[in-house]
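These numbers come from the heavy atoms of this one structure, side chains and all, not from hydrogens, waters or symmetry mates. Since the model is a prediction, treat every value here as computed from it, not as a measurement.
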Amino acid sequence: MDCTTSSDPFHEFSGSVDYLKASKLKRPVHKHNDKEYEKRRLIMKIKSCLSHKAFQMERKLLEKTKSEEPSVSPAKYSPACVGDSGSSMAGSSPPSPVSFPSLSQKLRYYVAIDCEMVGCGPQGKISELARCSIVNYKGETIYDKYIKPEQPITCYRTRWSGITPKHMLKAVPFKTARKEILNLLNCKIVIGHAIHNDFKVLKYYHPEKLTRDTIKIRQLYKKAGLQRRQAVSLKKFAAIVLRKKIQVNLYETKE
């Protein structure tokens, strides 16, 4: 067979080392992308490790809460625990079925807060707590005290706060009042209007999931017929939604 009629373009190199080198030219190697490939591979590996750790932590937390539920719920909500004496717990009678908390029991975890501020520092630009009021779900007052700021008061803002110098004569120190207030807010669903301002003067952070700010609730704006973009005051909300007048003649408040 004549060599010129061969269909193999590398036939003349067959059987030699040069043929092997030439055959490798069919699959070019892009060496300039190796570094980028390694970087991407390392990033993907780190992401997968982090997601795996997060999944493990979440699973452990769920297992922990599931293991704690049976030991807490029966003791807290079982009818056998409720009564004038502990005789119902004693004896050989079978334990009563577990009853979940009723609506009235859940509502006791709702409280509403409102704080009044006075001005301290140069030109009264620094807001400090001067009064705090807290009510429960039924509207019953559970806390209402005047509080003496840590800094000297330079502006009482009586027109808006209703605070006068007479109220500070028997006011509670800030540290004492703060401790009492935080005890009432602990593990509660706290409701307020622009509530971030109240938490700021209290020097306190409440979990977002347990906070209800009326200035952010769309249903209220819809019910009042107002646009969501507007910054509506509590006075206006009360007048439109509740048809009640508030913050009228604040300077005539009682001592």
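Looking only at side-chain heavy atoms (C-beta outward), Thr141 and Ser133 stay at 4.5 Å or farther from each other. The shortest distance between side-chain heavy atoms of Tyr156 and Met168 falls below 4.5 Å. The shortest side-chain heavy-atom distance between Tyr204 and Ile181 does not fall under the 4.5 Å cut-off. In this structure the side chain of Leu184 never reaches within 4.5 angstrom of the side chain of Val111, judged on heavy atoms. Using a 4.5 Å heavy-atom cutoff, the side chains of Met117 and Asn197 are in contact.
Linking ILVMFWY side-chain heavy atoms closer than 4.5 Å, directly or via other members, places Tyr137 and Ile189 in a single hydrophobic cluster. Linking ILVMFWY residues whenever their side-chain heavy atoms come closer than 4.5 Å, directly or via other members, places Phe174 and Leu182 in the same cluster. Side-chain heavy atoms closer than 4.5 Å link hydrophobic residues (I, L, V, M, F, W, Y) into clusters, and following such links, even through other members, never connects Val190 to Tyr109. One hydrophobic cluster holds both Ile142 and Leu185 under the rule that ILVMFWY side chains link at heavy-atom gaps under 4.5 Å. Note on Val232 and Ile240: same hydrophobic cluster, where clusters join Ile, Leu, Val, Met, Phe, Trp and Tyr whose side-chain heavy atoms are under 4.5 Å apart, directly or indirectly.
At least one donor-acceptor pair closer than 3.5 Å links the side chain of Ser161 to the backbone N or O of Arg157. Using a distance-only test at 3.5 Å, with no hydrogens or angles considered, no donor-acceptor pair links the side chain of His193 to the main chain of Lys235. Panel note: side chain Thr158, backbone Ile163; a donor-acceptor pair is recorded below 3.5 Å. Between the side chain of Thr214 and the backbone N or O of Gly192, at least one donor-acceptor pair lies under 3.5 Å. A donor-acceptor pair is defined here as one N or O able to donate and one able to accept, closer than 3.5 Å; such a pair exists between the side chain of Asn183 and the backbone of Lys179. For the pair Thr154 (side chain) and Pro122 (backbone), a donor-acceptor distance under 3.5 Å is absent.
Taking NZ of Lys188 as the start and CG of Asn186 as the end, the distance is 7.0 Å to the nearest 0.5 Å. Note that CD1 of Ile191 and CD1 of Ile134 are 12.0 Å apart. Values are rounded to the nearest 0.5 Å. To the nearest 0.5 Å, atom CG of residue Leu226 and atom NZ of residue Lys236 are 5.5 Å apart. Within the model, atoms NZ of Lys223 and CD1 of Ile217 stand 11.5 Å from one another, a figure rounded to the nearest 0.5 Å.
Scanning both residues, Ala171 and Ile147, for their nearest heavy atoms gives CB-C, 3.8 Å. When every heavy atom of Tyr221 is checked against every heavy atom of Ile215, the shortest pair comes out as OH-O, 3.0 Å. Between Ile246 and Ala238, the shortest heavy-atom distance links the atoms CD1-CB, 3.9 Å. The heavy-atom pair separating Gln123 from Lys125 by the smallest distance is OE1-CE, 3.1 Å. For Cys115 against Asp198, the heavy-atom pair with the smallest separation is CB-OD1, 3.4 Å. The two atoms that bring Tyr143 and Glu180 nearest to each other are OH-OE1, 3.0 Å, heavy atoms only.
Electrostatic pairing of Arg131 and Asp144 counts as a salt bridge here, judged by a charged N lying under 4.0 Å from a carboxylate O. Using a 4.0 Å cut-off between charged nitrogen and carboxylate oxygen, Lys203 and Glu150 count as a salt-bridge pair.
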